[in-house]
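In what follows, chains are A, B, ... by sequence order, proteins preceding strands, each numbered from 1.
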Amino acid sequence: MHLSDLWFIAIAVLWAGYFVLEGFDFGVGILLPFLGRDDTTRRVMINTIGPVWDGNEVWLLTAGGATFAAFPAWYAAMFSAFYLPLLLVLVALIIRGVAFEYRGKRDNSNWKRGWDAAIFAGSLLPAILWGVAFGNVLRGIPLDAAHNFTGNFFTFLNPYALVGGLATLTLFTLHGALFLALKTTSDLRRRAHRAATAIAAIAVAAGCGFLAWTEASHRAAGWSGTGIASVACAALAAVALIVAALANRAGREGAAFAANATAIAAATAALFTALYPNVLPSTVSAAYSLTTANAASAAKTLMVMTVVAIIFLPLVLAYQAWTYWVFRKRVTGPAAAPAPKGH
Amino acid sequence: MNVLDLSRWQFGITTVYHFLFVPITIGLGFLVAGFETAWLRTGHDRWLRLTKFYGKLFLINFALGVVTGIVQEFQFGMNWSAYSRLVGNIFGAPLAIEALLAFFLESTFLGLWIFGWDRLPPKVHNACIWIAATGTLLSAYFILTANAWMQHPVGYTYNPKTHQDDLSSFAAVLFNPAQLAGFPHVIAGCFLTAGSLVAGVALWHLMRGRAAAPAAADAADVADGADGANGAATDAADAADGGGQVTAFRSALKAGAITAIAAAVVVVATGDIQGKLFTTRYQPMKMAAAEALYHTSQPAPFSLFTIGSLNGSHAIFSLDIPRILSFLATGNFSAQVQGIDNLQQQYAQIYGPGSYIPIIPVTYWSFRAMIGAGMLAALIALVALWATRRGRVPTSRVLLAGAIALPFLPLIGNTFGWIMTEMGRQPWIVYGQMKTAAGVSANSAGEVLTSLIVFTLLYGALAVIEAGLMLKYIKAGLPSEPEPGAAAEDQPLELVY
């Protein structure tokens, strides 16, 4: 296996990690106006993700940095082609990130409502746009011989990519609802559970539909080893998604969240294996497509990056896991009477 | 304006803005960590209250530093894709490593610090902010490595087959001499910035408190001398001076001012090393422009003040000190320093026809603004320290103005430092290899104009909100209840199994 293939896998893993982790904090943000009826409830919801959302977002920055270093031509073509969608993502991530930190800094209900709106919009937009973007990457975009994008914003708004957007939106919202059911108590926990039940049906339809469409369009070109792997990942994702829906119905909160996390990771794997060996196909001519071979950095850079990743990725995983352990308890609103600590 | 100009404006605006928050974050992280450690060591409430007070200011800044940093990583690909294609092998690696080594560390451990007051043992809690602060330092190292490579590219070979720069030595990139000189300069600038913020705010509170309650302040001053030796006296005085604000801010002033002054010494020393390195070896044109030295001179005078022609092509009036530039640039009073016109001729021969001269007034004046603002900050910190010696509380209106100016001056210095070094490198994006005009993406001007407007408006609005919050929390003074615990709005309320 070439180092460039290893880095293709590494980038797939980083995106899977990003979607699994930030997926639920996007979901919590999207559900904020629907489940957060009063300020206390909204605070509880935000506090379930407060200590971890920023660390979750670093998975995206690492994926971006890794793409830049390992596949400069991919990074350059993709980021300049998706210029306006990425601008929207950036604006969303900016207002959302600031909102988490600034919301509680003034005791003023208009101030808080404004930031709540920012959290909602800042979570909703990327949850849709990442799916649309991935749909377009898989479908291919008009790239010329110099790998420059020749389309415009409306090129991205094709039915397949929009189904992709619906899939990520519903999967992440479900993920957030399952996370809230797992991390809160009493009334909020019950309502999160009901929300998960309601969204699950749409998420199963949109998620499975998008994966089926992906596999069908890629298998039309014939079968390959990675093609089989992609179908297997897609099947695993579909099964895990259905298991998540069923476990939620049965009130098995931990199992439901774990199954949905598996579904998101497997779906990401299915998309990347379907894409391989392309990294950004051109709809103008297959000769203009960017592949793991023609977009990759030279061996020396990939080797340096590999050594750094082998040493530090386990460390990152260990301390991120520790944070989740420290904040493993459920979050709840203040009791009617001032309750003693540590019950 | 064309795509190139729009992209350059966007990069300039977003980067300068980002770097308003970064130095505060880097320096203040360590100072707040130090305050918390002082609290754990001495057990005195004032350190905890300072931790909370400056910790809040730190977090307000950190939030904007983080979110504007995402833009930085994305816009190389969005706006500078031709550049990204050429240099990804080398420039991309530090960016990826920065995310993996530094961003995870900062975000994770800061999350633990904000929300972990009640859930972590005190020493572990304190360790979290030390680790987060170390993360900001690591982050700075890697991103400055990338910048140093643009200033002085090393450790690569151009591959004509792929039209990319291939990495030949990662150690050469990591330990680029331009980086080894530049990194301590920037980091010392960060500590000058944070020290000035801490000291300026503390001095303002001291002087304001004095005006409000001189008697109470005096009582606290008496106790300050006996601090630690007589806990009861200190507590009594704390009650008298409005809950110990005076004693606490006196400690903060000392810590901030000493940090700022020490940092300023390092800034000057490393700036001198950098200046010599760039004048004599790496970018003589930038330094000649910074001095508005048009003709190669031996010995070269140092220009105190120059008025250039409108197009910056020659000097009309110049006030010089003989031989000083020769000394500053080389350590030798009679050495030759190359001038702009001569360098232009040389470069046209090496790189082909075209102008290799940066915008001289910008380079010249930003160089002086950087030095002036930084040195003025250090001077105010020094005066503040002197004026508050042995329990004195100054009443001078000039010093009060100085206290208010102090936190802003290093921000001005940092900004002009970057403007000088980045605009002084023009027309190059990678010095000697790629011109900025060749690095830009093939996007439409409309797209880039859209993002330029969006970022400018969004950043402007956020600046107003940020400044409002900073002022609110600075004015509020120290928290009255010095109990360890997460701030009310960060309290995850109640936790149950």
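Neither the backbone nor the side chain of A/A70 comes within contact range of chain B; no heavy atom of the residue lies under 4.5 Å from a heavy atom of that chain. Within the 4.5 angstrom heavy-atom criterion, no atom of B/E98 approaches chain A. Heavy atoms of B/F76 lying under 4.5 Å from chain A belong to its backbone as well as its side chain. Using a 4.5 Å cut-off between heavy atoms, B/E73 touches chain A through backbone and side chain atoms alike. At a 4.5 Å heavy-atom cutoff, the contact between A/I95 and chain B is made by side-chain atoms alone. Only the side chain of B/L458 comes within contact range of chain A, with at least one heavy atom under 4.5 Å from a heavy atom of that chain. Looking at A/A296, only its backbone comes within 4.5 Å of chain B, counting heavy atoms on both sides. Using a 4.5 Å cut-off between heavy atoms, B/V454 touches chain A through its side chain atoms alone.
By the 4.0 Å N-to-carboxylate-O rule, A/R113 lies too far from A/D39 to be salt-bridged with it.
By a heavy-atom distance cut of under 4.5 Å, B/L120, B/V124 are the residues of residues 120-129 of chain B near chain A, going up by number.
Taking B/Y83, B/F170, B/F103, B/F74 one by one and counting their heavy-atom pairs under 4.5 Å with chain A, the maximum is reached by B/F74. Between chain B and the residues A/L60, A/V98, A/V326, A/V58, the most heavy-atom pairs under 4.5 angstrom are made by A/V58. Heavy-atom pairs under 4.5 Å with chain B peak, among A/G65, A/P51, A/S297, at A/P51. Interface remark: of the candidates B/S168, B/G111, B/A96, B/A96 forms the most heavy-atom pairs closer than 4.5 Å to chain A. Of all the listed residues (A/R106, A/R96, A/M305, A/Q320), the one sharing the greatest number of non-hydrogen pairs under 4.5 Å with chain B is A/R106. Note: B/N89 leads B/N89, B/V71, B/V67, B/T68 in heavy-atom pairs under 4.5 Å with chain A. When each of B/V66, B/L105, B/L64, B/T450 is scored by its heavy-atom pairs under 4.5 Å with chain A, the top score falls to B/L105. Counting heavy-atom pairs closer than 4.5 Å to chain A, the top-ranked of the candidates B/I90, B/V87, B/I97, B/L86 is B/I97. The candidate with the highest count of non-hydrogen atom pairs below 4.5 Å against chain B, out of A/A295, A/A299, A/S80, A/A309, is A/S80. Per-residue heavy-atom pair counts under 4.5 Å with chain B were compared for A/W322, A/F71, A/Y319, and the maximum is reached by A/Y319. Counting heavy-atom pairs under 4.5 Å between each of B/I70, B/L95, B/D166 and chain A puts B/I70 at the top. Contact count versus chain B (heavy atoms, under 4.5 Å) is highest, among A/F312, A/Y75, A/Y83, for A/Y83.
No side-chain N or O of A/T150 forms a donor-acceptor pair with one of A/D144 less than 3.5 Å apart.
Taking the side chain as every heavy atom from C-beta outward, B/F455 and A/L90 approach each other to under 4.5 Å. The closest side-chain heavy-atom distance from B/T145 to B/N176 is not below 4.5 Å. Contact annotation: the side chain of A/N47 approaches that of B/F115 to within less than 4.5 Å [non-hydrogen atoms, C-beta and beyond].
Atom CH2 of B/W9 has 12 or fewer neighbouring heavy atoms from other residues, nucleotides or ligands inside a 6.0 Å radius. Around the OH atom of B/Y459, the shell of radius 6.0 Å holds more than 12 heavy atoms that belong to other residues, nucleotides or ligands. Within 6.0 Å of the CG atom in A/N108, the count of heavy atoms belonging to other residues, nucleotides or ligands exceeds 12.
Between A/W59 and B/F104, the ring centre distance stays below 6.0 Å.
Of all heavy-atom pairs spanning B/K52 and B/P479, the tightest one is CB-CG, 3.7 Å.
Here the straight-line distance linking atom CD1 of A/I11 with atom CG of A/L6 works out to 10.0 Å at 0.5 Å rounding. How far CG of A/D25 is from CD1 of A/I119: 10.5 Å, rounded to the nearest 0.5 Å.
Using a 30° and 60° split on the angle between ring planes, B/W113 and B/W117 fall in the tilted class, from 30° to 60°.
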Full working for side chain to side chain contact (heavy atoms under 4.5 Å, CB included) between A/N56 and A/F26: CA-CA 10 Å; A/N56 295 346; A/F26 281 150; over 6 Å; no
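Using modelled atom types, one side-chain atom of B/S441 and one backbone atom of B/N79 make a donor-acceptor pair closer than 3.5 Å. Looking only at distances, no side-chain donor or acceptor of A/K105 sits under 3.5 Å from a matching main-chain atom of B/K472.
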